[in-house]
Amino acid sequence: MNEEQTKPIHDDKDLICSLCKRSDDIPEKYGEKITLQQHNLTVHYFCLLMSSGICQRGEEDEDIHGFLVDDIKKEIRRSSRLRCMSCKKVGASVGCSIKSCRQMIHMPCGLEQGFIFQFTDLFPSFCKKHAPTQSCVSSPSLPLSCSVCLEPIEPILSYSVLKCPACHGSWFHRNCVQHYAHSAAMFFFKCTLCNNKDQFQQEMLRMGIYIPERDAAWELEENAFEDLLQVYEHCDAVKCRSNRGRNYSSESGVFEIVRCKLCGSRGTHRRCSNLRVYESDWICADCKAAVEEKKSVPLPNHVESPLAIRQERKRLIKNISDIHSSLISKRQCVPATSPEVLMDLACQISQQQSTEVLVEDDDGVMEAALRVLRQSDFNPCCTLSVKFSKDKLNNNIRNQRCFLRRLVSKLQMSEIFEGPDGTKNLALNSKALRDDLYFEVGSLLALSLVHGGPPVGFFSPALYHSLFNYPTNYRPTLQDLGDTAFAYKIRQIAEANSMKELRKAMCSASQYLEAAGCWRKITKLSEKDILVEDVLNFYLIIRLQLPLQRFREGLRTLGLFEQVQMCTEAFHSVFCGPVEKLTAESVMELFTIRFSEEKEQHEKENTTVNFWKKYLHECEEGRCAASLEDLLTFTTSTDMVPSIGFHPTPSISFFSSTDSSCAFPQSHCDANHLILPILPSYELFKKHLDYTVCQFSVMQDV
């Protein structure tokens, strides 16, 4: 075979890639476009790297960087049967690396849809749902601008906005940092602010930034530094006295050009500026004005000095700072309370589209939720249409609230959590990691909160801190470990009163200490505190980094995670227990009273309101057959106030009946509306309310 015919051609811009069907030639996005004329084959290098059904079986210089022609053709045939979820055309050769995910896409379409392609190891690809994300694990300094283009940047981590993992102060547009990586390459690609290289490169690779394994682009250009070998030789004096012109410079004497000692970009003949032959210190007009803080008149055809450029840069940065200040003020104007934030997020939910959730029995709530979540066409913005197989009424509002209430209770008992009720930490479970259950549980919790579910209420302070870095100064404690064998052994170390007790406790916990990398020689009793702190950090934070990452990504569903990050204090009570218990006063505050306009009727309704308040207090004291929770369920179909609040606001109206013995309370759960009968005595009011609410509770349990 002719060697010239098999040699890859890299510069044919009109040919179409056989995998993605595009002719674009953008190396930093799609890799180099390579053509094998002999085989009538053109491909983007990244399309090859990311294709799910091909691997490099040849040597690096064989065919296309080790991808054999026969293998490439097989992959083209395989992908020709697969349809892209973005453009709906066949030829989708790239699939999400999560086994349970069926998303297939062309590589360029993937970039447009938020796919992340990792250029390392096995070159995995992740769809938007399963893509890795960044989070603020410490208090970051908010960015003034993108550290590459210096344009203002929205200080919220997303697919399009990345930050340095080392200093947390350098933020980038994704496109900007990709251009920077393509130019600087592996030897010069580092954080523009803190100069960290190793950690920065690893994080950028994880987030899908391609870093070429070569020298920097500027080092590869031919004669790239030729200008540095030239010195400035031009007289910039107002009046040049040289007969040979401004560009003439003698090797010495009065017509030798002397350059500005500050900027080096302006010059003068000695005679033109009245310099003696031995004088070499000369400052141009621009630099002199800058040093003396005076504004100079710019001379025509002059190149700006570096000092002038630096001054202009300061002015631009000040303008960017002003823009940033207004941006920060806008961010601080977001609703401060968790219900208001959740209401804003709930605006995404479409009332016209719904997702059906079929629950077979009471124990099948978790299974039903996971079944819906794993559907390829699942959309979290659709209304949940919940149906219980045993329920003949199928009231959607009541079913949805009941479903979300039971779901949160089931999630608390999931295998990804450990610890006592109300203060759960993440557990390390290899099966849950393999099944991506951490992501799914996080996603279900986010769905529940935005769709009107109850407060989570079971996170430990340590778990909330690990996720959202609040409070910023929080340190894990022994209480965060719960009541486990491991916790017992670590408590023995913490409670040791002598070196003998400490050594004995350490020997007893040696396996745990070795696993945590904390087995070391202790010479002082006071060193036990640092030892315990290191063990707690390892057990509750370090070993759980991957579960925490997937859990965070699940909480990003419907944009919840980003909003909680901005209002961590407001959401603390939503995630961490205990959930506030209902009281007579809190229930009264929930309801709006709708009085009649007629004076006589109004007085009777006032009497009924007093009966109602008395009844609530007796419920709280346990002197009624029904509880406050039963009463709230009768009115709203849920026994606790949703994190998002009630919409519409619960209300009370009244009705009169000629037969008091048949006047029983009524409720409309979809409207959160309670209708109370006007009765002659409190005893009869209490009797009828007890009977109605208890009958409703019995019907709920059947």
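Quantities reported herein were computed from a predicted structural model and do not represent experimental measurements.
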Donor-acceptor contact present, side-chain Lys33 to main-chain His44, <3.5 Å: no
Could you tell me whether the side chain of Ser466 and the main chain of Ala462 form a donor-acceptor pair under 3.5 Å? yes
Side-chain donor-acceptor pair under 3.5 Å between [X] and [Y], yes or no?
X	Y	result
Ser79	Ser93	no
Thr192	Ser170	yes
His179	Glu28	yes
Glu32	His65	yes
Ser97	Ser125	no
Ser86	Gln113	yes
Tyr464	Asn469	no
Asn425	Ser460	yes

May I ask you to establish whether Arg543 and Tyr539 are in a cation-pi arrangement, using a distance under 6.0 Å from NZ or CZ to the six-membered ring centre and at most 45° from the ring axis? yes
Within 45° cone and under 6.0 Å: Arg174 NZ/CZ vs Tyr159 ring: yes
Is it true that [X] and [Y] make a salt bridge, defined as a side-chain N closer than 4.0 Å to a carboxylate O?
X	Y	result
Arg550	Glu440	no
Arg556	Glu562	yes
Arg22	Glu112	yes
Glu203	Arg206	yes
Lys74	Asp70	no

Is there a salt bridge (Lys or Arg N to Asp or Glu O under 4.0 Å) between Lys424 and Asp480 once you walk through the steps? CA-CA 8 Å; Lys424 297 284 187 179; Asp480 293 320; over 6 Å; no
Output all residues satisfying side-chain contact (heavy atoms from CB on, under 4.5 Å) with Leu82, sequence neighbours left out; order by chain, then residue number. Arg78, Ala92, Met104
Using side chain to side chain donor-acceptor pair (under 3.5 Å) as the criterion, list what pairs up with Arg475, not counting sequence neighbours. Glu533
